2 protein chains.
Amino acid sequence: MGIQNNIHETISSLTSAEKRAAHALLANYPSVGLATVAEFASEAATSAPTILRFVARLGFESYPDFQRALRSEIEAGLLSPLQKRHPDTHLNEPEPTTISQHVECVDQNMRTTLNAVPKSEFESACNLISDTKSGVYFLGGRFTDAIAAYMASHLRIVRPGIRRFNGQVSTWNDQILDIKPGDVAVILDIRRYQKDLLDVAKALTNRKVKIILITDVWLSPVSKYAKIVLPCGIETEHTWDSNAALFILAEAIIVSVTRANWNKTRKRLQAIEDLHWNKTE
Amino acid sequence: MGIQNNIHETISSLTSAEKRAAHALLANYPSVGLATVAEFASEAATSAPTILRFVARLGFESYPDFQRALRSEIEAGLLSPLQKRHPDTHLNEPEPTTISQHVECVDQNMRTTLNAVPKSEFESACNLISDTKSGVYFLGGRFTDAIAAYMASHLRIVRPGIRRFNGQVSTWNDQILDIKPGDVAVILDIRRYQKDLLDVAKALTNRKVKIILITDVWLSPVSKYAKIVLPCGIETEHTWDSNAALFILAEAIIVSVTRANWNKTRKRLQAIEDLHWNKTE
DNA sequence: ATTCTTTTGTAACATTAATTCCGAAAACAA
DNA sequence: TTGTTTTCGGAATTAATGTTACAAAAGAAT
């Protein structure tokens with residue numbers, strides 16, 4: 001498959017003007033193909049109809065159809081297969097193991113996340129969580145709830161007013177009643193989005209609660225109600241999505257909020273440490 | 001420059017519908033931007049005019065103008081800076097942020113972990129957890145307990161006999177009584193090692209329970225009782241240690257165990273999915 | 001609650017682009 | 001050269017897209 005291959009196979013049966021079109025496209029693939037027919041034509045030093053005939057020969061119904069195909073190639077990352085594999089792992093790859101494969105996968109997702117989360121959004125989120133005047137509530141989905149717990153367990157030390165939605169889904173609505181307008185809710189929801197989370201988000205919005213949503217790049221429907229959306233890469237090659245990027249983002253938030261509340265935190269840290277942790281010896 | 005940067009700088013001043021547009025574009029950059037306004041709008045769950053306003057905010061004269069800019073980025077090969085490898089992104093480093101710093105830090109720890117965990121140990125651990133003849137119990141420390149919960153929530157779907165130590169520390173000893181000799185316990189413990197975990201480990205060993213320990217590279221004292229030890233990198237430059245590597249290792253275990261039990265899993269997956277997740281609409 | 005401001009989508013509009021038609025030019029054969 | 005076939009591009013047609021104006025809805029402020 002792949003449009004480029006398609007061109008290579010077809011090119012011999014093309015007329016000379018059409019060949020020019022083919023070469024123009026291959027020359028700087030795929031950008032000219034994403035322009036208008038007229039621009040493509042002028043790039044190939046030919047006329048619009050020739051471009052259309054060319055595209056038809058490749059087997060596309062129409063020019064927009066052809067462009068759609070190009071775009072989906074870009075999405076699929078088929079583009080630049082040279083950059084696809086790391087340039088620096090030349091030879092002596094130490095044979096991929098489950099762990100190393102997963103590490104590479106997480107690496108990808110981390111960087112996707114880095115791209116998808118605007119700095120300003122991240123900072124706004126941290127500011128909201130840092131503000132000790134409002135309470136902060138944590139809630140996650142089936143799998144992401146563990147990450148909510150992780151965040152809460154740290155931030156509890158950093159500042160007061162940290163709460164979690166816990167227990168049965170059916171009790172969530174009761175718990176909402178404790179939340180005051182102006183408070184902050186951090187919701188985690190990745191695909192196979194959970195309807196109950198959406199319902200809670202709606203209810204929270206009605207109570208004027210500011211929602212920070214941590215989700216995947218396709219955005220949970222909760223984003224509709226969220227004041228801040230932090231999208232993460234989660235894709236893998238197998239059954240389970242990876243929540244590692246969410247976890248890492250969560251840690252980054254913890255770091256940032258800790259910095260913001262540092263003066264208050266250090267005392268608490270000391271106190272809680274002495275109190276709670278029992279030394280090994 | 002670069003349009004993505006442009007978006008990151010502008011996004012904070014956008015209205016919520018416009019933000020959705022921004023996120024939709026960042027989500028799979030740049031392909032949606034190359035589609036028609038209408039398609040872009042539907043992807044961002046908004047209307048065409050919002051897209052146009054969004055594009056205008058980015059400083060483009062018109063939508064075609066905006067698309068031209070995207071195309072010239074593709075030509076310039078600026079595309080996929082996300083897939084770029086870190087060591088060689090010398091030029092145009094986009095200034096380190098809290099997130100990017102943390103990502104680099106986690107990257108380090110991941111690779112440390114990769115070196116520290118012997119392939120054979122990892123596989124043995126997975127084999128133990130895969131064996132449905134014995135129950136598997138999960139227990140973590142103050143912060144790592146969330147990871148224990150994360151593992152359990154997945155593995156519960158993969159196989160029966162998954163349990164967690166839950167609730168108060170004081171009740172743990174009671175819970176040990178339920179565990180049969182030959183069962184498996186996965187314990188997570190990183191520095192500021194917890195004495196109570198050590199106590200549990202000792203008790204478990206007395207009951208002939210096989211312990212899999214996930215810890216840091218300095219090894220929790222629980223390692224004395226553990227059959228298998230999986231050490232992870234956790235170091236950071238600030239207050240908190242990072243548990244990301246543990247999380248990733250946990251995910252790798254989940255993947256591996258899922259593969260081993262795949263035939264049994266797929267049915268359970270389907271069943272539970274239908275039952276538990278309530279569809280969005 | 002009421003007003004004002006801001007945001008957002010609907011619908012009409014204007015513009016641009018894709019497509020088709022057809023004749024001219026080129027290529028080839030006799 | 002002449003007739004025939006194929007290729008190609010100009011120009012009109014049609015379809016689609018981008019754009020704008022305006023009104024409804026949402027939200028903030030009083």
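Quick note on labels: first sequence line is chain A, next is B, and so on, each numbered from 1. Quick note: numbers below take in every heavy atom, side chains included, and nothing from hydrogens, waters or symmetry partners. In this text the structure is predicted, and so the values were computed from the model without any measurement.
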Those residues of residues 49-57 of chain A lying under 4.0 Å from DNA chain C by at least one heavy atom: A/Pro49, A/Leu52

Which whole-number value in Å describes the distance from [X] [atom1] to [N] [atom2]?
{"X": "A/Tyr63", "N": "C/dA17", "atom1": "OH", "atom2": "C1'", "value": "10 Å"}
{"X": "B/Arg68", "N": "D/dG18", "atom1": "CZ", "atom2": "P", "value": "12 Å"}
{"X": "A/Lys208", "N": "D/dA29", "atom1": "NZ", "atom2": "P", "value": "12 Å"}
{"X": "A/Lys19", "N": "D/dC8", "atom1": "NZ", "atom2": "P", "value": "10 Å"}
{"X": "B/Phe40", "N": "D/dT19", "atom1": "CZ", "atom2": "C1'", "value": "16 Å"}
{"X": "A/Lys227", "N": "D/dA26", "atom1": "NZ", "atom2": "C1'", "value": "14 Å"}
{"X": "B/Phe60", "N": "D/dG18", "atom1": "CZ", "atom2": "P", "value": "15 Å"}
{"X": "A/Leu14", "N": "D/dT7", "atom1": "CG", "atom2": "C1'", "value": "13 Å"}

Of the listed nucleotides D/dT19, D/dC8, D/dG9, the one nearest the side chain of A/Thr15: D/dC8

Whether A/His238 and A/His102 hold their rings parallel, tilted or perpendicular, with breakpoints at 30° and 60°: tilted

Aromatic plane relationship, B/Phe143 with B/Trp240 - under 30° parallel, 30 to 60° tilted, over 60° perpendicular: perpendicular

Residue pair A/Glu251 / A/Tyr150, side-chain heavy-atom distance below 4.5 Å: yes

Given DNA chain C, 5'-ward residue of the pair B/Pro64 and B/Thr46, judged by closest heavy atom: B/Thr46

Test log, rule side chain to side chain donor-acceptor pair (under 3.5 Å), inputs A/Asn206 and A/Tyr225: CA-CA 10 Å; A/Asn206 289 339; A/Tyr225 302 110; over 6 Å; no

Residue whose closest nucleotide on DNA chain D lies nearer the 5' end, A/Ala45 versus B/Glu61: A/Ala45

CZ on B/Phe54 to CG on B/Leu58, rounded to 0.5 Å: 4.0 Å

Salt bridge flag under 4.0 Å for residues A/Asp145 and A/Arg164: yes

